[in-house]
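See structure below.
Since this is a predicted model, take the numbers as computed values, not measurements.
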Amino acid sequence: MTETWSPRVTRVLAPNPSPLTLEGTNSFVVGEPGASTAMVIDPGPDDEGHATAVVRACDGRGVELVLLTHTHVDHAEGARAFAGRVGAPLAALAPGWASPGAPDLAAGDPVVAAGLELRPLPTPGHAADHCCFELAADRAVFTGDHVLGRGTTVVEWPGGDMSAYLASLELLLELRPERLYPGHGPLVPDAVARVGGYLAHRLDREAQVLAALGAGDRTPAEVVARVYAAVDPALHAAAELSVRAHLAKLVREGRVTTDGGERFAPAGPGQG
């Protein structure tokens with residue numbers, strides 16, 4: 001399914017729905033109206049029909065550049081093949097993914113292509129190689145899996161890092177965008193409120209993890225069973241990754257102790 005999100009942005013929905021990808025991965029065709037070329041963000045799964053739909057959404061424009069928000073399979077599986085198909089360089093933060101001629105996203109310099117300027121925003125947390133892209137012309141940010149169009153994202157420990165994720169949310173909040181173009185789910189028109197809600201949610205989860213340890217839970221699975229009791233059990237494995245990311249952060253901060261394995265306890269007297 002193809003949908004216009006702004007005069008500069010077309011969303012092409014990939015056919016890979018799941019509890020974690022929602023309706024599927026959002027691939028984006030981006031370009032200034034009247035430009036002869038386009039950029040593509042997150043080509044998505046290795047699916048011939050989807051790749052054809054993305055090319056069709058370019059509406060006759062050549063693809064000047066392919067960008068990845070991160071290299072998780074649902075965003076990047078088809079990226080190399082797609083970039084080869086359209087003859088464009090592929091840019092990504094992850095080592096070994098960028099092709100010759102691609103801009104260095106880690107440098108943070110603006111990417112100029114398709115008549116537009118995109119500013120890379122390295123935003124580790126969900127994944128170590130995550131990068132958002134600010135489109136100032138729309139007062140918008142392409143957020144990949146950093147912020148979703150619906151629900152909340154997973155901080156995928158051990159590659160994901162909770163401290164980094166919170167800092168990346170703060171970075172996004174400081175930009176005060178008006179809209180978010182997420183990697184899954186619908187367009188977000190209330191960007192600041194959504195990012196603020198994500199920060200509040202993660203801090204609330206942290207408090208719940210500490211409370212679960214205080215109540216006697218000792219393993220990540222026990223914490224998940226208590227904290228996510230109202231959540232579909234099919235999502236508990238993903239929730240455990242976020243819980244482990246919370247625990248790793250709390251251990252680093254000296255607020256939780258661990259035996260170095262699967263057991264955790266509140267720091268201080270009476271830790272049990």
Side-chain angles (χ1 to χ4, degrees), residues 3-12 14 25-33 35 37-44 54 57-58 61 63-72 74-76 79 82-83 86 88-94 97-99 101-149 153 164-165 167-189 191-192 194-195 198:
E3 188 173 82
T4 299
W5 280 14
S6 89
R8 302 174 180 88
V9 177
T10 299
R11 188 280 300 267
V12 185
T25 299
N26 293 332
S27 298
F28 293 102
V29 174
V30 185
E32 185 67 25
T37 60
M39 292 180 277
V40 171
I41 299 175
D42 287 350
V54 173
C58 293
R61 295 170 290 177
V63 177
E64 189 173 349
L65 180 64
V66 179
L67 297 162
L68 288 177
T69 60
H70 61 304
T71 56
H72 284 167
D74 54 314
H75 294 256
F82 183 84
V86 299
L90 172 65
L93 276 182
W97 276 80
S99 63
D104 179 6
L105 301 184
D109 296 329
V111 173
V112 180
L116 289 174
E117 184 174 288
L118 288 179
R119 183 158 71 102
L121 302 170
T123 41
H126 168 75
D129 66 337
H130 200 283
C131 187
C132 295
F133 297 96
E134 182 185 22
L135 177 58
D138 277 9
R139 293 190 56 81
V141 177
F142 295 93
T143 56
D145 282 359
H146 188 49
V147 178
L148 305 183
T153 197
Y165 184 66
S168 294
L169 286 174
E170 292 281 5
L171 171 67
L172 194 55
L173 197 59
E174 289 170 7
L175 292 176
R176 302 194 69 80
E178 291 181 356
R179 329 170 92 204
L180 303 179
Y181 300 147
H184 303 280
L187 183 154
V188 177
V192 171
R194 178 63 60 87
V195 177
Y198 261 52

Side chains of Leu187 and Arg11: does their closest heavy-atom pair fall under 4.5 Å? no

Roughly how far apart are Arg119 CZ and Cys131 SG, rounded to 0.5 Å? 10.5 Å

Pairwise distance CG(Leu173) to OG(Ser168) - rounded to 0.5 angstrom: 12.5 Å

Side chains of Arg139 and Arg179 in contact at under 4.5 Å (non-hydrogen atoms): no

Separation between CZ of Arg8 and CG of Leu116, rounded to the nearest 0.5 Å: 6.5 Å

Below 4.5 Å, heavy atoms only, C-beta onward: do Phe142 and Asp42 meet side chain to side chain? no

Minimum heavy-atom distance Ser6-Thr4, with the two atoms named: O-CG2, 3.3 Å

Minimal non-hydrogen separation, Gly44 against Thr25, with atom names: CA-CG2, 4.4 Å

Cys58 and Val86, any side-chain heavy atoms less than 4.5 Å apart: no

Out of Leu105, Thr123, Thr143, which residue meets the side-chain contact (heavy atoms from CB on, under 4.5 Å) rule with Phe133? Leu105

Quick one: does Leu67's side chain get under 4.5 Å of Val40's, heavy atoms only? no

What class does the angle between the rings of His70 and His75 fall in, given that below 30° is parallel, 30 to 60° is tilted and above 60° is perpendicular? tilted

Tell me whether the rings of His146 and His130 are parallel (<30°), tilted (30 to 60°) or perpendicular (>60°). tilted

Tell me whether the rings of Tyr181 and Phe28 are parallel (<30°), tilted (30 to 60°) or perpendicular (>60°). tilted

Are the side chains of Leu68 and Leu90 in touch, meaning some heavy atoms are under 4.5 Å apart? yes

Pro110 to Pro120 - nearest heavy-atom pair and separation: CA-CD, 4.2 Å

Of all the heavy-atom pairs spanning Pro182 and Trp5, show the shortest one and how long it is. CD-CZ3, 3.8 Å

Which value, rounded to the nearest 0.5 Å, describes the distance between Glu32 atom CD and Glu117 atom CD? 12.0 Å

I would like to know whether Leu175 and Leu121 meet side-chain contact (heavy atoms from CB on, under 4.5 Å); could you show each step before the answer? CA-CA 11 Å; Leu175 292 176; Leu121 302 170; 3.4 Å; yes

At their closest point, which heavy atom of Val141 faces which heavy atom of Pro177, and how far apart are they? CG2-CB, 4.0 Å

Less than 4.5 Å apart, side chain to side chain, heavy atoms only: is that true for Asp104 and Asp109? no

Taking every non-hydrogen atom, the tightest pair across Ala114 and Ala35: O-CB, 3.5 Å

Side-chain donor/acceptor of Arg194 to backbone N/O of Gly149, under 3.5 Å: yes

Test item: Thr69 and Ile41 side chains (from C-beta on) under 4.5 Å apart, heavy atoms: yes

